[in-house]
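We count ligands from 1, going down the list as the structure has it; atoms in each ligand are counted the same way. Computed from heavy atoms alone, side chains included, the values below leave out hydrogens, waters and symmetry copies.
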Amino acid sequence: MTQDIRAACVIGWPVKHSRSPLIHGHWIKQHGLAAAYRREELAPDDVAGFLSNLAARGYVGCNVTIPHKEAVLAASQPDDRAQAVGAANTLWLENDRLLSTNTDVEGFTANLDDAVPDWDGRAGEAIVLGAGGSARAVIYGLIERGVTRINVVNRSLDRAESLKERFGAAVQPANWTALPHLLARAGLLVNTTSLGMAGQPPLDIDLAPLPAHAAVADLVYVPLETPLLAAARARGLATADGLGMLLHQAVRGFTLWFGVRPDVTPELRALIEVDLRK
Ligand code: NDP
């Protein structure tokens, strides 16, 4: 009987924090599927061996969370998107081949489309705070959607500079000291640093110079309403939050593994919000 059940998992180290089982579990139940989604805690040395036996372990695919998103590229066949971003978060088996992609890209843009429908029309210049793994996915998504100037502001300027080498002239590295001047020209501000996250230092910036048409997105989702988003809302600016991105990035994996395209609904959002508030 169990062989009729299609199963997927999330691999990470640690993996306890992952909300993916809650998201996919909700969709499995909603669609009445004979399917399962589990957590698999794997040390870095165990990832390649685990993935080479994915089907034998009963899995049709998996999500990947920290710290394995870069390492899984070598253990799978990444698409152009995962290769360009330098990280994959969604893997699936197709004709005995293990393929991978990066759905943080579309998670970011689909969430903005939902929350701020005309964001790409008014983005003009964008500012991305941070130059880590999630910044790469965001920058890829912005370039794909036609944003031609992305000021990447990062504590370590060399990391922002390496993103210019990766993504080309649309990326302009900048120091934090340039922020007030850059904000005055920006149509979109995105925080991809961990600043503002529970347990991390605050993200201390003054949004006053941002034009009234600018939108603000934060990838941090614990807390749900970050001080950055609260300040943007207090100014009447359009916002997109990190939870929305987390939910939207999950859609394609579920579709690939289980053959049904799920929706990001208010009901799903409410379910995860309850968990995040615990
Ligand atoms: P990385 O560790 O790859 O990058 C962290 C970034 O934050 C770097 O640019 C780093 O700067 C900066 N940073 C960290 N601490 C400080 C500090 N004290 N002062 C200034 N800058 C700092 O992390 P990720 O890109 O993977 O993740 C970043 C955030 O995005 C996390 O909160 C994560 O939870 C969230 N996220 C949310 C997703 C979603 O679906 N909503 C998806 C993926 C991530 P430096 O280079 O100088 O070290």
Side-chain angles (χ1 to χ4, degrees), residues 10 12-20 22-24 63-72 81-82 85-90 101-115 127-142 150-164 166 171 173-179 189-205 216-229 239-254 264 268-269 272-273 275-276:
V10 52
W13 178 258
V15 78
K16 210 167 66 144
H17 68 280
S18 173
R19 265 83 188 190
S20 293
L22 208 52
I23 299 169
H24 292 287
N63 280 132
V64 184
T65 187
I66 47 165
H68 305 319
K69 286 186 181 184
E70 279 93 9
V72 296
R81 180 173 283 201
V85 173
N89 69 344
T90 301
T101 190
N102 187 309
T103 66
D104 282 338
V105 175
E106 70 224 49
F108 170 69
T109 52
N111 182 44
L112 263 178
D113 286 339
D114 237 20
I127 299 173
V128 172
L129 304 175
S134 61
R136 297 200 301 270
V138 165
I139 291 166
Y140 186 92
L142 291 175
I150 304 163
N151 299 301
V152 177
V153 175
N154 197 48
R155 175 179 59 180
S156 319
L157 192 63
D158 57 324
R159 285 187 93 189
E161 278 162 354
S162 75
L163 295 187
K164 181 170 181 156
R166 180 180 280 269
V171 171
N175 282 307
W176 281 91
T177 48
L179 204 48
L189 170 68
V190 187
N191 175 40
T192 77
T193 73
S194 43
L195 297 174
M197 187 174 159
Q200 299 294 319
L203 173 58
D204 193 15
I205 59 171
V216 177
D218 201 338
L219 268 58
V220 171
Y221 55 89
V222 183
L224 267 170
E225 178 168 82
T226 61
L228 175 70
L229 293 179
T239 60
D241 69 12
L243 175 55
M245 174 173 167
L246 181 75
L247 301 177
H248 281 284
Q249 67 75 31
V251 169
R252 192 142 61 102
F254 192 92
V264 173
L268 172 63
R269 206 189 141 88
I272 310 301
E273 282 187 11
D275 190 66
L276 291 175

- Task: Check if Q249 has a non-hydrogen atom at a distance under 4.0 Å from any atom of ligand 1.
- Result: no
- Would one find an N or O of M245, backbone or side chain, under 3.5 Å from an N or O of ligand 1? no
- What do you think, any protein heavy atom under 4.0 angstrom from atom 23 (O) of ligand 1? no
- Item | Sub-4.5 Å side-chain heavy-atom contact between V152 and I150 | yes
- Query: Between L129 and L203, is any pair of side-chain heavy atoms under 4.5 Å apart?
  - Reply: yes
- Query: Quick one: does ligand 1 sit under 4.0 Å from the side chain of N154, the backbone, both or neither, non-hydrogen atoms only?
  - Reply: side chain
- Query: Can you tell me the protein heavy atom closest to atom 28 (C) of ligand 1 and the distance?
  - Reply: T192 O, 3.1 Å
- Message: Regarding atom 15 (N) of ligand 1: of the candidates R19, R155, Q200, R136, which has the closest heavy atom?
- Response: R155
- Message: Pairs of nitrogen or oxygen atoms closer than 3.5 Å, one from A135 and one from ligand 1: do any exist?
- Response: no
- Would one find an N or O of Y221, backbone or side chain, under 3.5 Å from an N or O of ligand 1? no
- Message: Taking E70 first and then R136, would you say they form a salt bridge - that is, a charged N and a carboxylate O separated by under 4.0 Å?
- Response: yes
- Polar proximity ligand 1 side, W176 side, N/O cut 3.5 Å exclusive: no
- Query: Can you check whether S156's main-chain N or O pairs, donor with acceptor, with N154's side chain at less than 3.5 Å?
  - Reply: yes
- Message: Below 3.5 Å, N or O to N or O, backbone or side chain included: is there any such pair between K69 and ligand 1?
- Response: no
- Query: Given L195, T193, N111, which one has a non-hydrogen atom that is nearest to atom 20 (C) of ligand 1?
  - Reply: L195
- Quick one: CG on L246 to CD on Q249, what's the gap to the nearest 0.5 Å? 5.5 Å
- Item | Protein contact to atom 26 (O) of ligand 1 [nearest heavy atom, distance to 0.1 Å] | S134 N, 3.9 Å
- What's the shortest heavy-atom distance between P227 and G196, and which atoms? CD-O, 4.3 Å
- Message: Looking at atom 48 (O) of ligand 1, tell me if a protein heavy atom falls under 4.0 Å from it.
- Response: yes
- How close does the nearest protein non-hydrogen atom get to atom 14 (C) of ligand 1, and which residue and atom is it? S194 OG, 3.4 Å
- So, does S18 use its side chain to make a donor-acceptor pair with the main chain of V15 at under 3.5 Å? no
- Give a yes or no on whether the backbone of G12 and the side-chain of T65 come within a donor-acceptor separation of less than 3.5 Å. no
- Tell me: protein heavy atom nearest atom 4 (O) of ligand 1, and distance? G132 CA, 3.6 Å
- Task: Decide whether D218 and N191 meet the rule of one side-chain donor and one side-chain acceptor closer than 3.5 Å.
- Result: yes
- Are any of the N or O atoms of A131 closer than 3.5 Å to those of ligand 1? yes
- Query: Are any of the side-chain heavy atoms of L224 and R269 separated by less than 4.5 Å?
  - Reply: yes
- Mark whether atom 33 (C) of ligand 1 lies under 4.0 angstrom from at least one protein heavy atom. no
- Message: Using a 3.5 Å cut-off on N or O atoms only, is R159 in polar contact with ligand 1?
- Response: yes
- Item | Min side-chain heavy-atom separation T103-R81 under 4.5 Å | no
- Under 3.5 Å, side chain of N89 to main-chain N/O of V64, donor-acceptor pair present? no
- Message: I want to know if ligand 1 touches G133 in the polar sense, i.e. an N/O pair below 3.5 angstrom.
- Response: yes
- Who's the nearest protein heavy-atom neighbour of atom 37 (C) of ligand 1, and how far? L219 O, 3.2 Å
- Would you say the side chains of T101 and R252 form a donor-acceptor pair under 3.5 Å? yes
- Counting heavy atoms only, which part of I66 comes closer than 4.0 Å to ligand 1: side chain, backbone, both or neither? neither
